[in-house]
Participant: 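Pasting in a structure now, in C-alpha cells, and then I'll have a few things to ask.
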Number of protein chains: 2
Amino acid sequence: MYLRALTGLADDGTTTCSSEELAAAAGVNSAKLRKDLSHLGSYGTRGVGYDVEYLRYQIAREIGVTQDWPVVIVGIGNLGHALANYSGFRSRGFRVVALLDADPRRHTEVVAGLEVRSFDDLESIVAEHDVSIGVIATPAVAAQDVADRMVASGVTSILNFAPTVLSVPDGVDVRKVDLSIELQILAYHEQRKAVAPGSEVVS
Amino acid sequence: MYLRALTGLADDGTTTCSSEELAAAAGVNSAKLRKDLSHLGSYGTRGVGYDVEYLRYQIAREIGVTQDWPVVIVGIGNLGHALANYSGFRSRGFRVVALLDADPRRHTEVVAGLEVRSFDDLESIVAEHDVSIGVIATPAVAAQDVADRMVASGVTSILNFAPTVLSVPDGVDVRKVDLSIELQILAYHEQRKAVAPGSEVVS
DNA sequence: GACGTTTTGTTCTCCCGTTCACAAACTCCT
DNA sequence: AGGAGTTTGTGAACGGGAGAACAAAACGTC
C-alpha cells in the first residue's frame, strides 16, 4: 500500500513527503506508517520527511517487487480471463507465463496473448519457468486437486479465488480472496445500519 | 465462512456437527468458532453439537443473506465482466440490477443478460431499485468520482476493486480488494523463503 | 434416577498490532 | 552561531482478538 501511495505521489511530481502526507495517501495512521517503515531501516530525515524515490526503491527491494515473478493461472473462466488481462500484475513485476484449464474446449482459446493449455502441462511449465506462485481461479470442487498438483510440482505460494479452504503442507503459503464474502460483509453492515442507524463502521 | 462451511456440510448430508468439525471445515480454531457463534445466541446443544440446517438459517438471518440485495457494478472492463458473470453473487442473495460504464462504446454490449448502460443513469437506477451496495471496477483514476456519485445518489456500501484509497463521508462503508497486493504479499514471503528457508508462514 | 461422557458457552490469560506522546535530529531564519 | 520550528524514530500505554481451560448442560447407560 505504501509503495502504491508513493508511486502516486511520484506521478504527481512530489519529491519529498512527510509521514503525515504518505499516511493520508495510504489511508493509515502516521504513527503506524513510521513504525512500519522503521522496520526496514531509517530512510527518512527528521525535520524533512522521506525522499519519495529513495523510499520507493527501498520498499520495492524489501518486498521483492524488483524481481520478476513468473505466475501460472489455473482455471480460465470469467475470473481467469479477467486476471490474465489484468494489467496491474505485469506492472508490478508479475509475469503470467501460462494459462491452464482442465476443459479441452478452452484449449483453442487465446487469452491475453497466451494460448490456454492443458492442466497436464502444469509440471513441465513450472519446471521450465521456475514458477513458485500459482493462482487458482477454478470452481470450488477442483481447487484442492489443483493445489495438490501445484504443490507437487514445486509451487510454494498460492493465491486462491475458489471459495474453499485449501489444505497444504507446511512451507506453502496460501492467500484466499473470496469476492462474495466481501459483499456479505457489506450487506451485514447495511442490515445493521437499517436497524440502528449511524453507529457502525467497517472494521 | 461458517455459512459456507455449513452449506458444504449440508450438501454432504450431514445434519449435526460439533464445533471441532465445523471449525476444521472453516479453517479456524474451535474455541474461536464457539465464541463467534455465541455472539449470535445459544444455537448449539451441549453434548451433541449444532444442527446444521438450524445454525445455517440463524447465521444467514443474522448477516442478512436471507434478504435480496440489489447491486450496481460500475466499470465493465475485464474485471467488471467477471463480476457480472460471477454466479456466487446471485446464489448468496445479491442481484446485479445494472452494469454501468462511462465509455459509450460499451453501451451496445450485453453482459450476463444485462445491457451495459451509461454511468449517467446511476441516480435513476439507484432510486428505482433502492440500491444500497455499489461495486467499483473502474481504473484507479475514475474510482473517487464514481464513489462520490454513488454516495450522492444514496449508496451506503462500496466494494472497491480499484487500487485507490477512497474517501467517503461517515456512515458509508468501503471495503477494498486489491488483487496485485495479494500477489505482492505472496512474493514477499517467497523472497523470505529464498533467504531463510523454512521459517515463515503467511500471517 | 444416578453417573460417566461428550460438547457447548464462557472466563481468563496472553500476545500482538495500533496509537499516543516525546526525545532526538535536522533545517531555516535571524 | 544559536534558537525556533518540524519531523522522524521509538518507548509506553491501550485495546482487542485468539487460544487454553473449565464449569454447565445434555445424552446415554445401567
Side-chain angles (χ1 to χ4, degrees), chain A residues 1-3 5-6 9 14-59 62-63 165 170 173-176 181 185 188-189 192 199-203, chain B residues 1-3 5-6 9 14-59 62-63 165 170 173-176 181 185 188-189 192 199-203:
Chain A
M1 284 161 32
Y2 302 152
L3 188 58
L6 281 168
L9 288 176
T14 312
T15 65
T16 281
C17 72
S18 70
S19 64
E20 292 283 352
E21 292 172 81
L22 184 52
V28 300
N29 182 291
S30 67
K32 171 166 158 52
L33 179 136
R34 288 199 300 276
K35 184 159 288 188
D36 289 344
L37 294 187
S38 74
H39 289 309
L40 311 182
S42 291
Y43 296 133
T45 325
R46 304 185 183 201
V48 178
Y50 298 94
D51 182 283
V52 172
E53 271 309 317
Y54 181 56
L55 181 60
R56 192 150 78 107
Y57 172 74
Q58 293 298 338
I59 294 179
E62 179 74 20
I63 69 178
V165 177
D170 284 353
D173 291 337
V174 174
R175 290 192 67 86
K176 186 175 150 192
I181 278 191
I185 293 170
Y188 170 71
H189 287 287
R192 302 249 309 192
S199 56
E200 293 300 290
V201 184
V202 165
S203 62
Chain B
M1 284 161 33
Y2 301 152
L3 187 58
L6 282 169
L9 288 176
T14 313
T15 66
T16 281
C17 71
S18 70
S19 64
E20 292 282 351
E21 294 173 80
L22 184 53
V28 301
N29 183 289
S30 66
K32 172 166 158 52
L33 178 136
R34 289 199 300 276
K35 187 174 291 183
D36 288 344
L37 294 187
S38 74
H39 289 310
L40 313 181
S42 291
Y43 296 134
T45 37
R46 304 181 184 207
V48 178
Y50 299 94
D51 183 282
V52 172
E53 271 309 317
Y54 181 56
L55 182 59
R56 193 151 78 106
Y57 172 73
Q58 294 298 338
I59 294 179
E62 179 73 21
I63 69 178
V165 178
D170 285 352
D173 291 337
V174 174
R175 290 193 68 85
K176 185 175 150 192
I181 277 191
I185 293 170
Y188 170 72
H189 287 287
R192 303 250 307 193
S199 57
E200 293 299 290
V201 184
V202 165
S203 63

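Letters go in sequence order (proteins before strands), and every chain restarts at 1.
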Participant: Report all side-chain donor-acceptor pairs from residues 20-29 of chain A shorter than 3.5 Å, counting only partners two or more places apart or in another chain.
Facilitator:
residue, atom, partner, partner atom, Å
Glu20(A), OE2, Ser30(A), OG, 3.3
Glu21(A), OE2, Ser18(A), N, 3.0
Glu21(A), OE2, Ser18(A), OG, 3.3
Asn29(A), OD1, Ala31(A), N, 2.7

Participant: For side-chain contact (heavy atoms from CB on, under 4.5 Å), just list the numbers for Leu6(B) and Ile59(B), CA-CA rounded to whole Å, side-chain angles, deciding distance to a tenth of an Å, and then say yes or no.
Facilitator: CA-CA 10 Å; Leu6(B) 282 169; Ile59(B) 294 179; 3.7 Å; yes

Participant: Which whole-number value in Å describes the distance from Asp51(B) CG to dT8(C) P?
Facilitator: 13 Å

Participant: Could you check if a side-chain atom of Leu40(B) sits within less than 4.5 angstrom of a side-chain atom of Gln58(B), using non-hydrogen atoms only?
Facilitator: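 Result no, sub-4.5 Å side-chain heavy-atom pair not found.
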
Participant: Just N and O in the side chain of Tyr50(B): are any of them under 4.0 Å from OP1 or OP2 of dG9(C)?
Facilitator: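 For dG9(C), OP1/OP2 do have a side-chain N/O of Tyr50(B) under 4.0 Å.
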
Participant: Using a strict heavy-atom distance below 4.0 Å, which residues from residues 18-26 of chain A are in contact with DNA chain D?
Facilitator: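 Hits under 4.0 Å, by residue number: Ser18(A), Ser19(A).
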
Participant: Would you mind reporting whether Ile63(B) and Leu3(B) have side-chain heavy atoms less than 4.5 Å apart?
Facilitator: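 The answer is yes, as the side chains (C-beta and beyond) meet within the 4.5 Å cut-off.
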
Participant: Can you confirm whether Thr45(A) sits close enough to Thr16(A) that some side-chain heavy atom of one is under 4.5 Å from a side-chain heavy atom of the other?
Facilitator: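 When only atoms from C-beta onward are counted, Thr16(A) and Thr45(A) do not touch, as no gap falls below 4.5 Å.
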
Participant: Listed by chain and number, what are the side-chain hydrogen bond (donor to acceptor under 3.5 Å, both in side chains) partners of Lys32(B), not counting sequence neighbours?
Facilitator: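 Result, side-chain hydrogen bond (donor to acceptor under 3.5 Å, both in side chains) vs Lys32(B): Asp36(B).
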
Participant: Let me confirm one number: the CG-SG distance from Leu55(A) to Cys17(A), rounded to the nearest 0.5 Å.
Facilitator: 7.0 Å

Participant: Considering only heavy atoms from C-beta outward, does the side chain of Leu37(A) approach that of Leu33(A) to under 4.5 Å?
Facilitator: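 Yes, at least one pair of side-chain atoms sits under 4.5 Å.
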
Participant: Not counting sequence neighbours, which residues clear salt bridge (charged side-chain N to carboxylate O under 4.0 Å, His left out) with Arg56(A)? List them please.
Facilitator: Glu53(A)

Participant: Which is the 5'-most and which the 3'-most nucleotide of DNA chain D that has an atom under 4.0 Å from a heavy atom of chain B?
Facilitator: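 The contacted stretch runs from dA18(D) to dC27(D).
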
Participant: dT8(C) C1' sits how many Å from Gln58(B) CD, rounded?
Facilitator: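 Roughly 16 Å, once rounded to whole Å.
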
Participant: With sequence neighbours excluded, give me every ring-ring contact (aromatic ring centres under 6.0 Å, His included) pair touching residues 22-54 of chain B.
Facilitator: Tyr43(B)-Tyr54(B)

Participant: What residues form a side chain to side chain contact (heavy atoms under 4.5 Å, CB included) with Tyr57(B), not counting sequence neighbours?
Facilitator: Arg61(B), Thr66(B)

Participant: What's Ser42(A) touching, base or sugar-phosphate or nothing? Going by heavy atoms closer than 4.0 Å.
Facilitator: sugar-phosphate

Participant: Could you run down the sub-3.5 Å N/O contacts of the protein with nucleotides 25-30 of chain C?
Facilitator:
residue, atom, partner, partner atom, Å
dC26(C), O4', Arg46(A), O, 3.2

Participant: If I take atom CE from residue Met1(A) and atom CD1 from residue Ile181(B), how far apart are they, to the nearest 0.5 angstrom?
Facilitator: 6.5 Å

Participant: Just the rounded figure in Å: distance from C1' of dT8(C) to OH of Tyr54(B).
Facilitator: 15 Å

Participant: Taking only nitrogen or oxygen atoms into account, show me every contact under 3.5 Å that the protein makes with nucleotides 18-22 of chain C, one pair per line with its distance.
Facilitator:
residue, atom, partner, partner atom, Å
dT18(C), OP2, Lys32(A), NZ, 3.0
dT19(C), O4, Lys35(A), NZ, 2.8
dC20(C), OP2, Asn29(A), ND2, 3.4
dA21(C), N6, Arg34(A), NH2, 3.3

